[in-house]
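Chain letters run A, B, ... following the sequence lines, proteins first and then strands; every chain starts at 1.
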Amino acid sequence: MMTDRGSLALLSLLLPAISFLILAIVAPLRRLGRPAAYLSILFAAGALVTAVLAWLTLAFIPVSIEWAWLPSHGVSLATVGVLADEDSTLMLILVTLVAFLVQLYSLEYLNDEPPVALGRYYTYQSLFAFSMMGLVLAPNLLQLFICWELVGLCSYLLIGFWYQKPEAARAAVKAFWTTKAGDVGLLIGIVLLWRVTGTFDLRELRGLVTSGVLPVDGLSLITLCIYLGAAGKSAQFPLHTWLPDAMEGPTPVSALIHAATMVTAGVYLLHRTVFLFPPDVLMVVVWIGAFTALLAAVLACVQDDIKRVLAYSTVSQLGYMMAAIGAGFSAVGFFHLLTHGLFKALLFLGAGAVIHAVHSNDLSHMGGLVKKMPQTALVFVIGTLSLAGIPLFGGFLSKEEILGATLAGHQIGPFVLLMIVAFLTAFYMFRVVFLAFFAVRATHASPLHVGAGAAMGPTHSSPGHEHAHAPHDPSPVMMLPLWVLALLSLGVGIYSTVVGRVLQFGPGAEGAAEHVAPSWLTPAAVGVAIAGIGLAWLVYQRRSIDAGKLAAAFGPIRTAALHKFWIDDIYERVLALALLTLSRMVGWLDRYLVDGVLNVVSAWTVSGGNVLRTVQTGRAQDYVYGVAVGLLILILWMRWALT
Amino acid sequence: MGLQAYLILAATVFCIGLFGVVTRRNTIGILLGIELMLNAVNINLVAFSHFNATATGLVFTLFTICITVSEAAIGLALVILLFRVRRTVMADHLDLLKG
């Protein structure tokens, strides 16, 4: 009977793999749709249970089960297996929990899909769960990288789930290539690190740091490369542009991959390897994190698409986590990762319920939904309060600790940026809450509205629906995941507010270095959040401040934000220019250099042949003459040269 | 007369034959040249046989004469066939192998 932590973690990892293999190989089962879904959900539930058991099985030293892989000279160059310690098992619970709830939720959300598509969806979901868990449990950087690429692949497949939609296919490709740009950096970083240290193993690397072998020269470049990979995956500026577009996928996919788990892989990677990072690289991390947080928060304020607001909010919160890691408190960033995973998945699934009921992503098509969907509204508000960082709710302590961490790390600039972000976060999230659930819709006739998302219309939600019935709360299958996540967010929030730090990080973790936050921090952080909520209430609920005038006050910033600060356009131009220039250069080289050499050689061959062919007269006598002369030369040569 | 005189005679006849083969335009003339070359070889064989006092060269000469006769028969047959097909026996017109 397997009871130790390593075996349980391994079992938990293998369950989704088995489910994926069954669904991938047994095609008839996959094509049935719903039975495939039940199988995948069952295995996900099993993975969740074993993950929780693995976490509960207390072990003070990390347990690992590894197999030799890539043998070289008697020792193995790399291993595969699981490394179960406090952080990885906690993350494992988050991954399996959200994966299980999302799979359950999708059963109802994707009800109208044909069985074949449903089976495909659950096959990808199982593969994603396995890949993400393999990433979390990876004992070395090589296995981590392989799983890292696998989750990227699943992200691509699931964003493009409705691949008949051109926007979805485009978004999938964009997400894949943008993260791939970062992944190249990660691969280079891992290989360079191996050249310096000779190992991929995380624990050996940590040992090298404690024994003083590391840091060595060039470590800054290596860690910067690793950070590049993390920045691509976790949508940090300037590689953040793919995440909002990734919202073309089904909403449960956004909740799982693009809010709770995959995009946090970058943060998790930095948390696992932060002991390698020299201070100058951490400085880059904290500034880019804070800047990304601010940029995305500003962008979130002008979006009309409920999922895009949440997507930018995710980018912003990832910036928060990165800032905490850059400030030297990676455990704090990891803590925010966990709480954020809970309430952001809740928000996405809540938004999905709204989209499912209204058949539109556009905020202007919603309004006053609190009466029609009271339960959804309640859980959505719980998630929003968590995100805003209100005491007794999930994100309160983790967010405040990040602010405290930047202060303790003497990062005053990022601290100021993050305080502004805290205000903006509360503002834009409550803008969504008021517009969608509380405010009365200005005009009922939606065609009159000319908004950013109106043109897309109902195609954004799962296709095939008709406006047959009024919006109402979803069925229990969809409500259950929402309530579980809401209660967990609340529970974590209440516990952390009352007790303080929730998570006991293992001995030796950076989080053990307690930082003392100044006493004014909590009131200040809560104050700006409440101010943000208040402003949103005044503008969108009471309408005592005209939204148009508010927008006009921020004229240029608003214009810039509506154009996503032209970052996408710049990329398009620069990439198009670079590609065209390169293509022209390569074309010239091919046409004139490669082809030129070939043409010259072939011309020489042809003319040489033309000269030589005249030797072949076809007359037998000439050949006899040649033979005779040749024989004569041979004889003379033998006579004089050889003697 | 010594051996050398026979060898000079043979070499002379051989060169005359070779000259005929290379320069004659008529195919029958070429065949005649070949006959001369073969007979130059025969002179050599007989001469060596005589001065070395062995019969091997003589036997070999008889053998060569037989071969030469058949070769002449085949060669003339070829020339006649060639004339039937190409209506000419001039060697410089027979250049189908020209590159």
Side-chain angles (χ1 to χ4, degrees), chain A residues 184 575-643, chain B residues 4 7-41 43-44 48 67-68 71-99:
Chain A
V184 172
L575 279 179
L577 188 71
L579 269 179
L580 279 181
T581 314
L582 183 73
S583 312
R584 288 214 181 94
M585 259 167 57
V586 171
W588 187 88
L589 279 178
D590 184 52
R591 227 162 277 147
Y592 295 102
L593 204 71
V594 178
D595 282 8
V597 167
L598 276 179
N599 287 341
V600 164
V601 168
S602 72
W604 282 354
T605 313
V606 167
S607 57
N610 269 333
V611 170
L612 284 176
R613 64 185 279 201
T614 54
V615 173
Q616 299 287 337
T617 56
R619 269 173 266 167
Q621 283 170 302
D622 291 349
Y623 300 137
V624 173
Y625 191 69
V627 169
V629 170
L631 186 70
L632 193 67
I633 290 172
L634 261 181
I635 288 167
L636 289 177
W637 183 61
M638 281 169 74
R639 178 71 184 79
W640 278 289
L642 290 187
T643 51
Chain B
Q4 206 170 13
L7 293 188
I8 289 171
L9 172 69
T12 311
V13 173
F14 185 86
C15 285
I16 292 168
L18 183 62
F19 182 79
V21 167
V22 172
T23 54
R24 298 293 297 183
R25 292 184 65 224
N26 196 317
T27 313
I28 295 172
I30 293 172
L31 278 179
L32 288 177
I34 291 173
E35 291 300 317
L36 273 183
M37 286 161 78
L38 279 165
N39 282 306
V41 173
I43 292 171
N44 262 1
F48 277 115
I67 299 285
T68 312
E71 181 255 321
I74 294 170
L76 286 171
L78 276 176
V79 170
I80 290 165
L81 269 178
L82 196 64
F83 182 77
R84 279 191 192 160
V85 175
R86 301 289 308 269
R87 310 305 297 176
T88 178
V89 289
M90 291 300 144
D92 50 352
H93 292 164
L94 305 173
D95 56 354
L96 282 179
L97 280 175
K98 186 176 173 169

Kindly indicate whether the side chain of B:Asp92, heavy atoms from C-beta on, has any atom under 4.5 Å from the side chain of A:Thr617.
no

Test applied, side chain to side chain contact (heavy atoms under 4.5 Å, CB included); reference residue, A:Tyr625; option that passes from B:Val22, B:Leu18, B:Thr23
B:Val22

Short side-chain to backbone donor-acceptor contact, A:Gln621 and B:Arg24, under 3.5 Å:
yes

Proximal component of B:Leu94, with respect to chain A [non-hydrogen, under 4.5 Å]
backbone

Could you grab the distance from atom CE of B:Met90 to atom CZ of A:Arg619, nearest 0.5 Å is fine?
14.0 Å

Counting only heavy atoms not in A:Tyr623, do more than 12 sit closer than 6.0 Å to its OH atom?
yes

